[in-house]
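This report concerns only the one structure given below.
Note on naming: letters A, B, ... go to the chains in the order of the sequence lines (proteins, then strands), and numbering restarts at 1 for each one.
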There are 2 protein chains.
Amino acid sequence: MVRMKDVAEMAGVSLITVSRVLNAPELVKDETKARVEEAIKELKFVPNYTAKALAENKTRVIYLYIPKESSLDELVNMNLISGIMAHLSEKQYSLQITRNFELPQKCDGMIIIGRNGLEEDMDSKIRVPYVVFGRSNLNVDHVDVNNYKGSYDMTKYLISKGHKDILFLKINNENIRFNERFRGYKDALLDSDIKFKESLVIDIDENQEQLAYLAIRYSEKIEKATALFCSTDLSAIGAYRALKEKNIVIPKDISVVGFDGLANEVVPLTTVKQPIYNVGERLAEILINRINNRSKEIERVLLEPQIIESKTSGCTSLLGKDLNLAL
Amino acid sequence: MVRMKDVAEMAGVSLITVSRVLNAPELVKDETKARVEEAIKELKFVPNYTAKALAENKTRVIYLYIPKESSLDELVNMNLISGIMAHLSEKQYSLQITRNFELPQKCDGMIIIGRNGLEEDMDSKIRVPYVVFGRSNLNVDHVDVNNYKGSYDMTKYLISKGHKDILFLKINNENIRFNERFRGYKDALLDSDIKFKESLVIDIDENQEQLAYLAIRYSEKIEKATALFCSTDLSAIGAYRALKEKNIVIPKDISVVGFDGLANEVVPLTTVKQPIYNVGERLAEILINRINNRSKEIERVLLEPQIIESKTSGCTSLLGKDLNLAL
DNA sequence: CTGAAAGCGCTTACAG
DNA sequence: CTGAAAGCGCTTACAG
């Protein structure tokens, strides 16, 4: 293994100078720097990050906190982990996962999956820089998905396809995300001069396929609508099943769209795709920047979701026509 | 931060003794050991893994090689990464991802996503212990999914539901996995005294939704069957779409099942779920064991997939009956 | 602009 | 069974 010492010898300088070329090149005379750089290239020197970390009192380890309630093999978490890994690897950082705040080892920073309530005590508990996925009441770097915008855009999209009577399957729990999606829907209607009607909203209490199924199965509001916008893909699938049972054909009789898009590799549902993988990348990026500069301005990033057109939606002009049927 | 030195002082021993208690406790007198252990607990001492790694000439970093052709946000890769991370984190190792074999930094071991052909030169290139996902012609630790068994079991499952004429949608490329799935299907028929018929096989060349769609859309073999076993979920979804277009109702007229199950959180397809997340965990586990004991016997692990019953399959006794329709 | 020396927190022959 | 000393490969005041 090539060490800084070897580079120093080859370049005819001290080890300290090599270190400077690597970490503070502006302090080194151009000519010396050139000699060192050549030696580095010649010997294919790569710094030993373990030694560097020890000397700097760093670890090059980032912890990702995922609450215990959330399984690591959920699609959201998998997307997140992959995105984070991709960026950290590039920057020579590595990742560990934790389910609580008692970390088994030192780290340089943390990524926290939003815990909406408990945040107040977080800042005192965590003694390293951290970044949060989701809203944060604290003055802290965070990344979130623009649920409002995604929902707004999807509603506009449906309107552009000729839909005016758009049913909304709403999820009624304290999760801000679902509220934002509902707001986006309403505002898009408003901005298109379509009156928002309570009679076109169907409520369920949790994001469950079965609840959505039941709600749609026994609702009569369907007949008034040409499109159904579900708050999540999971509920869209429940709704889909209910519609089929009622012999309503999709998208011939009604368009059905969802929100999340985490499995759109295999689910042919028109939906709003949350860029969770990108969220992961951005979280990692922002955290590393923060580690390298504690005093920089707080970052608040809102990533835009994207509409994925698939087989469950169509134009109103095609209503009743037997086209390519959806799954 | 509490160091070994602090523990040593409190226990009234040398730093070396503390190190022994941690790494080779059998060399330490019981009484001394007890004093040290108490001090460790009292001071909540946690070893500094960076320092340990440097002294041991280790890194505690594992590289995961994923070929460039394969995107990190594919479901398989995400499952894998999450599973690997879960185990490594537990063992205080961390992970980095690489897309080639020029590693930017030292590591203690590698996890290689099977590269079926190129394996011959691998052993010489990689100078650290490694484990492979997939078959390997080399004499190396590896983990794979039992595709044969999954397919065999699914076929048996369909037979147990009364199906005898089971169409198989086969993918005809060099990927061994697809061959194994086909073999499992044939053997299950054989073992159930059902004659295998070429006329019940439909071929496509790649695992693509559209190819499956076309193959099923224009095949007349469907009419002869009560069940359709597709080699992948993706092809099952294409097939599903084609069937719907032909006004064939699922599972009323025909059962449709797939293979993969990576998105079954949201896809209500009866399928064989590949335990990719568990594959990840096992890969990590085996690698760490190998790192700690280079001379142990080679591990060849075959994980069993699992049948997930969902809404696209049913009993032949219910054929033609209008039940809970599937998605 | 450059270098000698101490230090980061561990492990590991070697000695006793 | 226990300990003194050197070493892992870097960084960082400090001095010049």
**Q.** Intermediate values then yes/no, side-chain contact (heavy atoms from CB on, under 4.5 Å), Val131(B) and Arg290(B)
**A.** CA-CA 9 Å; Val131(B) 50; Arg290(B) 170 68 55 208; over 6 Å; no
(Q) Between P on dC14(D) and CG on Leu27(A), what's the gap in Å once rounded to a whole number? (A) 16 Å
Q.
Just verifying a value: how many Å separate Gln105(A) CD and Arg60(B) CZ, rounded to the nearest 0.5 Å?
A. 7.5 Å
Q | Identified pairing partner of dC1(C), criterion: Watson-Crick or G-U wobble below 3.5 Å | A | dG16(D)
Q: For dT2(D), take OP1 and OP2 only and decide whether either is under 4.0 Å from a side-chain N or O of Thr17(B).
A: no
Q. Could you state the CD1-P distance from Ile16(A) to dG16(D), rounded to the nearest angstrom?
A. 14 Å
Q) Would you say the side-chain atoms of Asn293(B) and Ser295(B) include a donor-acceptor pair closer than 3.5 Å? A) yes
Q: Round to a whole Å and report the spacing from CZ of Arg20(A) to C1' of dC1(C).
A: 8 Å
**Q.** Main-chain N/O of Pro25(B) paired with Arg20(B) side-chain donor or acceptor, under 3.5 Å
**A.** no
Q: Write down the distance between NZ (Lys33(B)) and C1' (dT2(D)), rounded to a whole number of angstrom.
A: 14 Å
(Q) So, OP1 or OP2 of dT2(C): does either fall under 4.0 Å of a side-chain N or O from Thr32(A)? (A) yes
Q) Will you find, in the side chains of Lys91(A) and Asn292(A), an N or O donor that is under 3.5 Å from an N or O acceptor? A) no
Q.
Distance check, rounded to the nearest 0.5 Å: Tyr63(A) atom OH versus Leu95(A) atom CG?
A. 9.5 Å
Distances under 3.5 Å only, N/O to N/O: pair up the protein atoms with those of nucleotides 6-10 of chain C.
unit_1: dC8(C); atom_1: O2; unit_2: Ala55(A); atom_2: N; d: 3.3
unit_1: dG9(C); atom_1: N2; unit_2: Ala51(B); atom_2: O; d: 3.4
unit_1: dC10(C); atom_1: OP1; unit_2: Asn48(B); atom_2: N; d: 3.3
unit_1: dC10(C); atom_1: OP2; unit_2: Met4(B); atom_2: N; d: 2.9

